[in-house]
Each structure stands twice: as C-alpha cells, then as structure tokens.
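Both ligands and their constituent atoms are indexed starting at 1 by order of listing.
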Amino acid sequence: EATVARIAAGEVVERPASAVKELVENSLDADADSVDVTVEEGGTELIRVADDGEGMSEADLRAAVREHTTSKIEGLEDLESGVATLGFRGEALHTIGSVSRLTIRSRPRESEGAGTELVYEGGDVTSVEPTGCPEGTTVEIEELFYNTPARRKFLKTTATEFSHVNRVVTRYALANPDVAVTLTHDGREVFSTTGQGDLQAAVLAVYGREVASAMIPVDADGDDLPPGPLESVSGLVSHPETNRSSRDYLATYVNGRAVTADAVREGIMGAYGTQLGGDRYPFVSLFLEVPGDAVDVNVHPRKREVRFDDDDAVRRQVDAAVESALLEHGL
Ligand code: ADP
Ligand code: MG
C-alpha cells in the first residue's frame with residue numbers, strides 16, 4: 001500500500017511547488033485571513049505553511065492524512081462546477097506524507113486548551129501529541145522525496161525550484177488580496193501582502209512600484225464583451241513598457257481559481273499584438289467569470305489547465321476586453 005501511495009505521490013506532487021500549492025489551497029479552504037509560506041532551499045529541505053484558519057481537532061488531523069477520507073467530490077455536478085471548489089480529491093496530505101516527513105500542528109478556532117501535533121512519516125502516523133499552538137494550522141514538509149531517490153534526484157537547482165514556488169504563491173496572493181500572504185525563502189522575506197488592500201495593493205507588494213504603477217485596469221462585462229460564455233473579464237494588465245521575457249507573470253483566474261487556458265493566453269497576447277515585441281509577455285492578473293458548465297476543468301485535474309466549450313469565443317472576449325483597456329490608455 002505504501003508503495004502504491006508513493007507512486008501515486010509522484011503523479012500528484014511533482015516538485016516542492018506542487019506541495020506548496022496544495023497546502024496554500026487548504027489554508028484558503030479553511031478560510032484563513034493570513035497564510036505564511038516559508039521554504040528552505042527551494043522547498044526541497046523544508047516547506048512550512050502557517051495559517052490562522054478554522055484549524056483541526058485531533059480527530060480531524062487523523063482523518064486529514066488518511067487516504068481518501070475527505071474527498072469533497074459528491075457527484076458529477078461537483079466536478080463540473082469544480083472550478084469553484086479548490087481542493088477536490090482529498091488525498092494531498094496523504095500522498096505528500098508518503099514521500100516526506102509531514103508535521104501538522106493545529107488548533108480549532110475558538111477552542112479551549114491545547115492544540116494537536118501529528119507527525120506522519122513515509123506513510124505512517126508516528127506520533128500524535130497535545131501541543132501549545134495558536135489557532136489555525138501549520139503544516140511542515142521536510143525533505144520531500146527522501147524515500148523516492150529517483151524523484152529526489154529529478155529536482156532542479158534551488159533557484160529553479162524556488163522560482164516555481166514563487167510563481168505559485170504569487171498567483172494565490174494576487175487572487176486573494178483580502179488574505180495576508182507572506183513568502184520567505186532561506187530566511188529572506190520575498191514579499192508580503194497586507195490582506196487589506198485591493199488587487200493594485202497586492203500587485204505593488206508582489207511586483208514592486210515600477211510594475212504596479214504601470215498597470216492598466218480591465219473591467220468588461222455584459223455588452224462590453226463580444227458574444228461568448230464569459231460573463232466578465234476584470235483585473236490588471238501591464239503597460240507594454242514593463243513587459244518581461246517570461247510568461248511567469250501571466251496570472252489568470254477562472255471563477256477565482258488560478259488556472260491556465262490557451263484561449264485566455266492567446267486572447268491576451270492578441271490584444272497586445274505587435275506592441276509586445278519579440279518574445280515578451282505582459283504582467284497580467286486577470287479574473288474571468290464563466291458559468292461552470294462552459295468550462296472543462298478535467299483536462300489535467302492536478303494541473304491548472306482548463307479548456308472551454310467554445311475556446312474561440314473566449315479568445316475573442318479576452319482579446320476585446322484587454323484591447324479596449326489598452327485603447328483607453330492610448331495604446
Ligand atoms: P482536500 O483538500 O482535497 O480535502 P487534503 O489532503 O489537501 O485534501 O486535505 C485533507 C483535509 O484536511 C481537508 O479536507 C481539510 O478538512 C483538512 N485540512 C487540510 N489542511 C487544512 C488547513 N490548513 N486548515 C484546516 N483544515 C485542513
Ligand atoms: Mg487540499
């Protein structure tokens with residue numbers, strides 16, 4: 001059973017950034033107001049995600065690492081509207097814990113008494129003890145893939161692994177300006193959002209003043225958009241002057257969930273047209289609202305790629321929304 005779990009883990013957790021994604025989603029699912037992400041050596045040595053969310057009782061903790069006990073999928077309907085629910089397979093902690101040393105400390109909100117610390121190593125619960133801890137949950141993953149040497153060897157340099165982690169945490173920070181998100185790497189704070197601002201404030205915290213001051217608002221819905229499934233397109237896109245040579249800065253969200261979609265990326269790029277220059281990409285934080293039945297989230301359930309029933313219409317709608325924002329700024 002442990003071997004099966006380890007093989008499965010390889011599919012679900014490719015690298016530290018995928019584990020970070022699962023933990024941050026759990027914190028957001030738990031209604032946290034703050035999420036602190038700390039990683040050491042690109043996340044290969046340590047990943048710690050601390051939140052002030054709902055927290056877990058001892059029984060909740062034991063259930064959380066058990067296989068498939070917490071799946072939220074109730075039926076086909078849930079899958080189809082799946083973009084609204086972040087976690088949907090109930091196996092992340094279990095699988096991560098089968099290829100790492102996982103420590104969870106948690107205390108339910110407004111609970112009396114101590115919290116609980118659970119240690120889960122290579123697929124077994126090795127200790128459960130009361131512990132003093134604040135309300136909320138702290139999950140620590142040490143030495144990811146320590147027992148799957150082939151996987152561990154597959155990891156890239158610290159800089160590369162950290163860039164993936166940074167991209168994941170950035171996406172969630174931008175998608176949730178009402179949550180205070182902090183990212184720390186090897187003891188250095190990379191960014192910290194206040195959780196009290198709007199998207200512009202989050203962009204400032206994450207990307208800095210030069211980029212933030214050159215962002216252009218996009219806000220299109222109803223008659224502003226050509227026919228298609230999208231109900232609205234809103235967010236911020238960069239002035240072409242600040243564009244970068246990496247697509248890492250394209251943060252796109254469908255119904256609040258950080259995803260990628262070819263149609264959306266092509267729509268954005270189309271709106272900039274030749275203004276992009278060379279192989280440059282804009283900074284984008286763009287939110288799309290669409291009825292759940294017009295989007296297919298199951299292209300890669302664990303990856304972030306989605307497709308639409310009518311990709312062409314979506315491409316035209318995104319293109320039009322971004323283009324009219326650029327036009328308003330004389331671009
Ligand atoms: P899923 O999120 O798909 O249910 P996970 O393995 O990621 O599966 O988490 C299992 C369960 O553990 C969650 O459903 C939730 O009940 C609980 N849990 C995990 N992380 C947290 C957290 N940070 N705060 C509160 N509960 C959590
Ligand atoms: Mg989860």
Legend entry - Location of contacts on Thr137 toward ligand 1, heavy atoms closer than 4.0 Å: side chain
Inset, instruction - For the residue pair Phe283 and Tyr249, categorise the inter-ring angle as parallel (less than 30°), tilted (30 to 60°) or perpendicular (more than 60°). - result: tilted
Legend entry - Close approach of Met56 to ligand 1, heavy atoms, under 4.0 angstrom: yes
Legend entry - Polar contact flag for Ala92 and ligand 1 (N/O pairs, less than 3.5 Å): yes
Legend entry - Pair Asp60-Ser57, side-chain donor/acceptor within less than 3.5 Å: yes
Legend entry - Pair Glu161, Thr44: side-chain N/O donor-acceptor within cut-off below 3.5 Å: no
Legend entry - Atoms of ligand 1 close to Ala30 [distance to a heavy atom under 4.0 angstrom, numbered from 1]: 24 (N), 25 (C)
Inset, instruction - Could you say whether the N/O atoms of Glu22 and ligand 1 ever approach to under 3.5 Å? - result: no
Inset, instruction - Report the part of Ala64 (side chain from C-beta onward, or backbone N, CA, C, O) that has a heavy atom under 4.0 Å from ligand 1; answer both or neither where that applies. - result: both
Legend entry - Under-4.0 Å heavy-atom contact with ligand 1, by part of Asp51 that carries it: side chain
Inset, instruction - Scan residues 179-206 for pairs that pass salt bridge (Lys or Arg N to Asp or Glu O under 4.0 Å), counting only residues two or more places apart or in two chains. - result: none
Legend entry - Partners passing side chain to side chain donor-acceptor pair (under 3.5 Å) against Asp312 (at least two apart in sequence or in another chain): Arg315
Legend entry - Ala251 to Leu174 - nearest heavy-atom pair and separation: CB-CD1, 4.3 Å
